[in-house]
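Here's the structure we're looking at; comments come further down.
Since this is a predicted model, take the numbers as computed values, not measurements. Numbers restart at 1 for each chain; the letters A, B, ... are given by sequence-line order, proteins then strands.
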2 protein chains.
Amino acid sequence: MPNQPRKPQNASVSPNRPVDLDRLDREILAVLAHDGRATYQEVSQQVRLSANAVADRIRRLRAQGVIRGYRADLDLARTGRTLTALSDVNLRDGVEHRGFEASLEQLPQVVGAVHVTGEYDYQLRILCTGTEELEAVVETLKQDHGVRELRSRIVLREVELDPTRALA
Amino acid sequence: MPNQPRKPQNASVSPNRPVDLDRLDREILAVLAHDGRATYQEVSQQVRLSANAVADRIRRLRAQGVIRGYRADLDLARTGRTLTALSDVNLRDGVEHRGFEASLEQLPQVVGAVHVTGEYDYQLRILCTGTEELEAVVETLKQDHGVRELRSRIVLREVELDPTRALA
DNA sequence: CTTGAAAATCGCTTTAC
DNA sequence: GTAAAGCGATTTTCAAG
């Protein structure tokens, strides 16, 4: 799309201070979460505001960091990566967290990683073409990335949930 | 943006047939995954192709379903939902899966749900303002949604990973 | 916040090569 | 696949209420 301010992609805002949104902000965000390329005019028609007012609010939400950016939503399953696994992982003693995270860059199948509390250190989201590739990734994680224990589950289905819901 | 074909948002394609992408397709997808509002001209400059050729490829990828759509990337933590939990869940005997999933619509804190193999039936991603709200959600899941067992972990940090990596 | 206007940009299509 | 043109639509910015 045209002259939307796409840069700065990251807006620095004072952290830890919650941004409170009114009803109109939430409606605008809901529209953009559903269609990230909606024009100001299209948003304004769904929100009962002038396009200029909508543009002002979107720019503000962008500067506040509520809108991090806009991304294409890709379906990697269509490209052949049909197997998704959620793998809980423990690191061996002495393995640095940051080092482990950096080493994940070498594994393109690992598309997500969260540091969590509880029995395991991380949960990884792994996208593979099949079980053979998953087996190889698991072996690599143990041998080259400091993983001591690994427990994987296969994703049978992702439940469709409106990304807008958390704004309520 | 202007006259980009944003609808149909969902393209129906013959399922289970993998789409194979060449190097240029992958480069284009990488750009759009990073900036979902990049113009054809901007993409073409990063990919060494004419804008027309880029537009043709993007339209094809959209029709093939590789590009599902475009979404605003929201930072809900800035709106006050600073606590994220991953909750593994088992359903009580006799509780229908589809009914459980439908009932999740009533819990706006539940922003993700995956049906998985293994010890638990689902993993939920829950976004809350604090531990009090998480406690309330957990109680509600058990009392009103047919959850028998529930095991939650707090997300300490999400590791930043390039969403483009799985294309390699 | 709304309305109105200007200039610049973009998407789309068509026409060549 | 490239290059160039025209048309319609959109964004941006600026003005004024």
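Of the candidates D/dG1, D/dT11, C/dC10, the closest approach to any side-chain atom of B/Thr39 belongs to C/dC10. Nearest nucleotide to the A/Arg59 side chain, out of C/dT2, D/dT12, C/dG11: D/dT12. Residue B/Asn52 has its side chain nearest to D/dA3 when only C/dG4, D/dT10, D/dA3 are considered. When each of D/dT2, C/dC12, D/dC14 is scored by its nearest atom to the side-chain atoms of B/Leu49, the top-ranked nucleotide is D/dT2. Ranking C/dC1, D/dT11, C/dC12 by closeness to the A/Tyr40 side chain, first place goes to D/dT11.
A straight line from CD of A/Gln45 to P of C/dT2 spans 14 Å, rounded to a whole angstrom. Summarising the geometry, the separation between CZ on A/Arg57 and P on D/dT12 is reported as 17 Å, rounded to the nearest angstrom. Across the protein-nucleic acid pair, A/Ile58 atom CD1 and C/dC1 atom P stand 12 Å apart, rounded to whole Å. Atom-to-atom, OH of A/Tyr70 to P of D/dT11 comes out at 11 Å; the value is rounded to the nearest Å. In this structure, CD of A/Gln41 is placed 14 Å from P of C/dG4, rounded to the nearest angstrom. Here the C1' atom of nucleotide C/dC10 and the CD atom of B/Glu42 are 10 Å apart, to the nearest Å. Computed from coordinates, the A/Arg23 CZ to C/dC1 C1' distance equals 14 Å when rounded to whole Å.
Contact annotation for B/Asp56: no contact, since no heavy-atom pair falls under 4.0 Å across all strands.
Between A/Tyr122 and A/His115, the angle of the ring planes stays under 30°, which puts this pair in the parallel group of the 30/60° scheme.
Contact record, B/Arg153 with B/Gln123: NH2-NE2, 3.3 Å, taken as the closest heavy-atom pair. Scanning both residues, B/Ala85 and B/Ile154, for their nearest heavy atoms gives CB-CD1, 4.3 Å.
A/Leu127 contributes atom CG, which lies 9.0 Å from atom CD of A/Glu133 (distance to the nearest 0.5 angstrom).
For the pair B/Arg37 and C/dC10, the criterion of a side-chain N or O lying under 4.0 Å from OP1 or OP2 is not met.
Side-chain atoms of A/Leu124 and A/Leu141, non-hydrogen and from C-beta on, do get closer than 4.5 Å to each other.
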